[in-house]
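Chain A is the first sequence line, chain B the second, and so forth, proteins listed ahead of strands; every chain is numbered from 1.
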Protein chains: 2
Amino acid sequence: MSLVVVGSIGLDSIQTPAGKVNEALGGSSVYASIASSYFTSTHIVGVVGDDFPPRDFELLRRHKINLEGLETFPGKTFRWSGIYEDWNHATTISTDLNVFADFSPKLPQSCKCCRSLLLGNIHPALQLEVLDSIQSYDWVACDTMNYWISGWRDQLTEVIKRVDIMFVNEEEIRQYTAHDNIFSAASAILDLGVKLVVIKRGEYGSVAVLKDDIFFAPAYPVREVQDPTGAGDCFAGGFMGYLATQEKLSDLSIRNAIRRGTVMAALNVEAFGVHGIIDREPGTIDSRVKQLEQWT
Amino acid sequence: MSLVVVGSIGLDSIQTPAGKVNEALGGSSVYASIASSYFTSTHIVGVVGDDFPPRDFELLRRHKINLEGLETFPGKTFRWSGIYEDWNHATTISTDLNVFADFSPKLPQSCKCCRSLLLGNIHPALQLEVLDSIQSYDWVACDTMNYWISGWRDQLTEVIKRVDIMFVNEEEIRQYTAHDNIFSAASAILDLGVKLVVIKRGEYGSVAVLKDDIFFAPAYPVREVQDPTGAGDCFAGGFMGYLATQEKLSDLSIRNAIRRGTVMAALNVEAFGVHGIIDREPGTIDSRVKQLEQWT
């Protein structure tokens, strides 16, 4: 009942209206793995350069994240830098792929016993490589972004056809399906064979759409956002980490999974980089999940 | 346990991306009264000119709305015309106050037995006149809009200090309180003595904020919006109409009231003018309310 997370690992330099941070641990699989680690044993699959800080390896180990799928290549770690002029959109200043340019995800032997897989927000071609290498997973989920939708639409469609769960935000699902109404858009994704579409709506929460059911969840109220980077990854990681412990994709397991994803995303935006989600007491997460239940 | 609704009554000419309508029955108290009429006996207080169409009197009577507070003055009925370039903002083309210019709301004797009052979206000075004239109401609620916040802020503050419940949308509460975070904004309104702030978030639903509780409700999914005019009034009318039948402002009564307001607002936007909310089967409303419960 473990979760495998495949995605990017990088060092991010981020500026927001609340401040800035330099070369902080980031990347889609890092955020998602840490979020997942509170709920299930988690395996990270990705690549770093030989400059990856020992303290960041230590941080992942402290969260009991299995690092057998984390390769170290000679060269520099992936770096991204961006500015948030407003809270919803980052403007990229620079992207240095470095060792990530030659990344070809390989699931180590230890991942063979896992039953859940999260394909983080990376090139659809890499997501397809992983899909080609796996068998007998209970649930496979993918995340994506506008960049892949614009440039690699056909490959992304191949990915979507092969996953059970898709995480997507409102802008992305409208862009991909050309439906303005998000419920019509979700239907179009379900028609491709996906069982569950989870649409992220930022401060307005999320909505899970199945063939014959909908579930709305509010966002956990955040008094002061510091850094939105990784919120979507934390949502997906918390969701999939919880779901990996469940036997069925039921009404109840979906509701519980969404609430956990929601809480992890909220904790994440309250601090820069991964600082909001590391070293948290499970009690903090549980009490926020309970509050969310009471508030609906 | 009846509800009194005070507000505007007019004939609206509306153009939206879905079509247009000419001199259709509208106004804040009309939308709110009809929405309320499905839940409790409702009294409308307002003014029309002697050109007010007999079929519209008939429509209000058919919904068992008490018309003793509906005055007819010599002259023309209030008229408004507007265009929706997008679904969230109407651009006013013309406003002809006509008989509404001399309106001074008077609650007739029959309203003395009512225990709930909704001050629809009208000039705060008129809302204050009504507040000066009433005694011993269980719940008094007000609605407002950006126009009154910009121009009559002090009078609006006097209104807010004297009501139990305030309906407001996200843009308005940010404008009024100068807080960007809606929960901080709601706290500022609660500090004025309001018991419950209901923040309307359009397609994202609504959030009710009390001193020590929050309740989130999603919007009822609408496949195709025709005309958003009156959605906020229907929300407030449905909410207050249901609440008028309840003994306490409890967790449960607030949740139930919000769901009813939500369903009435959704029915309303599915057709032009009041056509979405008139002559509906109670069963249609009940089943949508049940769906909303199941979806959270």
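Other residues, nucleotides and ligands contribute over 12 non-hydrogen atoms within 6.0 Å of the NZ atom of A:K211. Heavy-atom neighbours of B:Q175 CD from other residues, nucleotides or ligands within 6.0 Å: above the threshold of 12. Counting non-hydrogen atoms of neighbouring residues, nucleotides and ligands closer than 6.0 angstrom, the CD atom of A:E270 exceeds 12 such neighbours.
Contact check for A:V207 versus B:P218: no side-chain heavy atoms found under the 4.5 Å cut-off. For the pair A:W295/B:F216, a side-chain contact is recorded, criterion being any heavy-atom separation below 4.5 Å from C-beta on.
Residue A:V225 does not touch chain B at all, counting heavy-atom pairs closer than 4.5 Å. Proximity to chain A is absent for every atom of B:E293, based on heavy atoms less than 4.5 angstrom apart.
Note that CZ of B:R201 is 10.0 Å distant from CZ of A:R201, once rounded to the nearest 0.5 Å. In this structure, A:Y204 OH and B:E203 CD are separated by 8.5 Å, a value rounded to the nearest 0.5 Å.
Residues of residues 177-193 of chain A having a heavy atom under 4.5 Å from any heavy atom of chain B, listed by number: A:N181, A:F183, A:S184, A:S187.
Chain B forms the most heavy-atom pairs under 4.5 Å with one residue out of A:D213, A:I214, A:L292, and that residue is A:I214.
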